[in-house]
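In what follows, chains are A, B, ... by sequence order, proteins preceding strands, each numbered from 1. Since the structure is predicted, the reported quantities are computational estimates derived from the model, not experimental observations.
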Amino acid sequence: MQLRLYDTLMRSKRLFEPLDPARVRMYVCGPTVYDFAHIGNARPVIVFDVLFRLLRHLYGPERVVYARNITDVDDKIIARATEEHPGLPLNEAIRIVTEATDRQFHEDVEALGCLPPTIEPRATGHIPEMRALIERLIGDGHAYVAADHVLFAVGSMPEYGMLSKRSLDDMLAGARVDVAPYKRDPMDFVLWKPSKPGEPSWPSPAGIAVEGRPGWHIECSAMAWKHLGETFDIHGGGIDLVFPHHENEIAQSRCAFHTPIMARTWMHNGFLQVEGEKMSKSLGNFITIRDLRAEWPGDVIRFQMLMTHYRQPIDWTRSATEQAAQALEGFRQVITTAQARDGRLSTPVLEALADDLNTPQAIVELHRLAAEARRGNFHAACDLRSTCRFLGLTLAGDSLQDIRKRQRGDIDEAHIAALIDARTKARAARNFAESDRIRDELGAMGVVLKDSKEGTTWEIAG
RNA sequence: GGCCACGUGGCGGAGUGGUUACGCAGCGGUCUGCAAAACCGUUUACCCCGGUUCAAUUCCGGGCGUGGCCUCCA
């Protein structure tokens with residue numbers, strides 16, 4: 001089976017061939033740990049988890065290295081720590097913020113069915129590598145020291161701008177920010193900057209006397225280098241990272257190692273909106289993974305995410321969540337009633353995934369398997385179970401009815417049972433006017449009845 | 001303002017230079033006292049205007065709309 005992936009650099013789907021099939025290497029930009037992860041953060045985590053699973057299947061679980069970093073030194077972290085723990089020393093406050101956020105993030109992604117990456121490097125654990133990179137860049141004339149900062153000289157790299165398809169001229173034309181006076185070129189970016197008093201700080205490179213801290217982009221170049229090497233196979237993240245973050249990573253790594261590439265394939269997931277609007281705190285439609293998890297199992301959130309191809313924009317809506325929950329419930333029932341065991345991974349699903357992670361197409365196949373299983377094909381039920389699990393959908397949690405009951409919270413089961421009992425008596429007496437009246441009364445409460453030979457059961461309406 | 005994406009039926013959402021995916025909803029049928037569930041069948045589409053072509057939803061140009069980046073926001 002051939003894997004084809006869309007490469008942002010080439011703007012086309014290309015056959016994926018690892019540099020070393022015995023060690024397939026992927027790097028994905030992870031979270032900055034200062035606040036609860038939101039549903040937009042969940043997208044790359046889920047998307048690249050699917051890719052991780054597929055790579056493990058294609059090349060062998062032991063032959064895939066997936067690195068997803070944790071950024072634990074950053075302006076926003078400092079700001080949050082200062083704000084939340086004004087009485088504490090800054091470093092102590094930062095530790096509290098990053099540790100709590102880190103823990104929450106891992107609870108969230110585990111609930112979303114994501115495998116742990118092979119390695120989760122932290123920025124603060126790679127300061128020596130960052131300094132080494134910076135020294136190299138300065139030595140080769142790709143970076144310079146100015147006002148206790150180290151800056152990358154974009155003019156030293158003719159191909160700067162390739163990934164985001166913009167020239168230095170374009171960028172200048174669009175610039176809306178004041179340029180720091182010490183920059184040689186307005187587009188030069190910070191590799192290292194001096195720390196203010198109290199801020200996290202480390203000995204600076206390049207003979208700078210005052211202590212400092214890294215710029216935003218250098219950490220990823222350093223961590224990718226340490227754990228994956230000078231060049232590797234796949235680099236992923238959200239589309240908003242294309243510029244400047246990934247553009248700058250490429251500049252740093254390629255210039256430091258004199259390589260024609262940093263990663264062979266650059267992958268970017270599309271942006272996410274909420275109910276047709278940009279998600280923002282000011283609009284009040286900011287959805288954290290934690291909020292969503294309070295209402296829905298991680299399976300449902302994951303499935304909803306996979307209903308849309310990863311490169312498409314996705315509009316996160318309540319009705320789409322309902323639809324995801326419903327579809328998943330269909331699969332769950334098929335697997336449960338058939339008492340399905342382990343089956344085979346669906347080849348059409350693998351083929352859909354191998355075509356640039358076409359998860360909607362894969363879901364089509366899940367529906368087909370479910371339909372076949374409902375017609376009595378036991379093997380289809382088993383295959384559905386295994387394939388869902390492969391996709392990270394356990395289907396092991398609450399039924400949709402349990403979820404709805406929990407969400408409603410106001411279900412008076414005794415009252416419902418009493419009404420059903422009265423209706424059963426009416427039906428036995430063939431008083432259908434009364435039995436229908438009771439059913440309508442329950443219907444108004446959102447309760448739907450199901451009559452069978454074994455008796456009457458009820459459900460919450462969808 | 002500059003650069004880059006996206007725009008498919010009531011909703012979600014793939015895909016393709018010509019044979020109208022798929023799911024939900026709707027409609028018809030089987031089943032049922034009537035329903036619900038399940039199963040069978042089925043209607044509705046490719047933002048607008050040009051161009052290329054025997055043929056465009058699919059390629060090219062323009063417009064409109066939405067979004068992203070240029071403000072260390074995935």
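In this structure, H38(A) reaches the bases: a heavy-atom distance under 4.0 Å links it to at least one base atom across the strands shown. Contacts of L272(A) with the nucleic acid, taken as non-hydrogen atoms under 4.0 Å apart, include base atoms. Residue K165(A) is in sugar-phosphate contact alone, with no base atom involved, counting any heavy-atom pair closer than 4.0 Å across all strands shown. Nucleic acid contact class of L241(A) (heavy atoms, under 4.0 Å, all strands): sugar-phosphate only. Residue contacts for R43(A): at a heavy-atom cut-off of 4.0 Å it reaches no nucleic acid atom on any strand shown. At the heavy-atom level, Q312(A) lies under 4.0 Å from the strands shown only through sugar-phosphate atoms.
H415(A) is linked by a ring-ring contact (aromatic ring centres under 6.0 Å, His included) to nothing, counting only residues two or more places apart in sequence or in another chain. With sequence neighbours excluded, the residues that form a ring-ring contact (aromatic ring centres under 6.0 Å, His included) with F152(A) are F189(A). Taking W202(A) as the reference, nothing meets the ring-ring contact (aromatic ring centres under 6.0 Å, His included) condition, with sequence neighbours excluded. Remark: H268(A) engages H246(A) in a ring-ring contact (aromatic ring centres under 6.0 Å, His included) (not counting sequence neighbours). Scanning for salt bridge (charged side-chain N to carboxylate O under 4.0 Å, His left out) contacts around R53(A) gives D49(A), with sequence neighbours left out. When the side-chain hydrogen bond (donor to acceptor under 3.5 Å, both in side chains) test is applied to E219(A), the partners found at least two apart in sequence or on another chain are N69(A), T71(A).
Side-chain atoms of M279(A) lie closest to A74(B) of the nucleotides C69(B), A36(B), A74(B). Taking the side chain of V364(A) as heavy atoms from C-beta on, and the options A74(B), A14(B), A21(B), the nearest nucleotide is A21(B). Comparing C69(B), A37(B), C39(B) against the side chain of K450(A) picks out A37(B) as the nearest.
When rounded to the nearest whole Å, the span between CZ of R166(A) and P of C4(B) equals 9 Å. One interatomic measurement links the two molecules: CG of D188(A) to C1' of C70(B), which rounds to 16 Å at whole-angstrom precision.
Listed by first then second residue, pairs satisfying salt bridge (charged side-chain N to carboxylate O under 4.0 Å, His left out) with a partner in residues 101-116 of chain A read D102(A)-R122(A), D108(A)-R293(A), not counting sequence neighbours. Residue pairs meeting the salt bridge (charged side-chain N to carboxylate O under 4.0 Å, His left out) criterion with at least one partner in residues 442-462 of chain A, sequence neighbours excluded, are R423(A)-D451(A), R427(A)-D451(A), K450(A)-E459(A). For residues 239-256 of chain A, the set of pairs meeting the salt bridge (charged side-chain N to carboxylate O under 4.0 Å, His left out) definition, not counting sequence neighbours, comprises E159(A)-R254(A).
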N/O-N/O pairs, protein side and nucleotides 63-67 of chain B side, under 3.5 Å:
none

Please produce a list of atom pairs where a protein N or O lies less than 3.5 Å from an N or O of nucleotides 24-34 of chain B.
from: C24(B); atom 1: O3'; to: Q326(A); atom 2: OE1; distance (Å): 3.1
from: G33(B); atom 1: N7; to: R427(A); atom 2: NH2; distance (Å): 3.4
from: G33(B); atom 1: O6; to: R423(A); atom 2: NH2; distance (Å): 3.4
from: G33(B); atom 1: O6; to: R427(A); atom 2: NE; distance (Å): 3.1
from: G33(B); atom 1: N1; to: D436(A); atom 2: OD1; distance (Å): 3.0
from: G33(B); atom 1: N2; to: D436(A); atom 2: OD1; distance (Å): 3.2
from: G33(B); atom 1: N2; to: D436(A); atom 2: OD2; distance (Å): 2.7
from: C34(B); atom 1: O2; to: R439(A); atom 2: NH1; distance (Å): 3.0
from: C34(B); atom 1: O2; to: R439(A); atom 2: NH2; distance (Å): 2.3
from: C34(B); atom 1: N3; to: R439(A); atom 2: NH1; distance (Å): 2.8
from: C34(B); atom 1: N4; to: D451(A); atom 2: OD2; distance (Å): 3.0

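Both the sub-6.0 Å distance and the 45° axial angle are satisfied by K405(A) relative to the ring of W458(A).
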Return one dot-bracket line describing RNA chain B 5' to 3' (Watson-Crick or G-U wobble pairs, both distances under 3.5 Å; ( ) same strand, [ ] crossing, | another strand, . none). (((((((..(((.....[...))).(((((.......)))))....(((((..]....))))))))))))....
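Between R439(A) and D436(A), at least one side-chain nitrogen of the basic residue sits less than 4.0 Å from a carboxylate oxygen of the acidic one, meeting the salt-bridge criterion. Checked for salt-bridge contact, E372(A) and R375(A) miss the test: no charged N lies under 4.0 Å from a carboxylate O.
Look at the C1' atom in both C49(B) and U57(B): the space between them is 15 Å, to the nearest Å.
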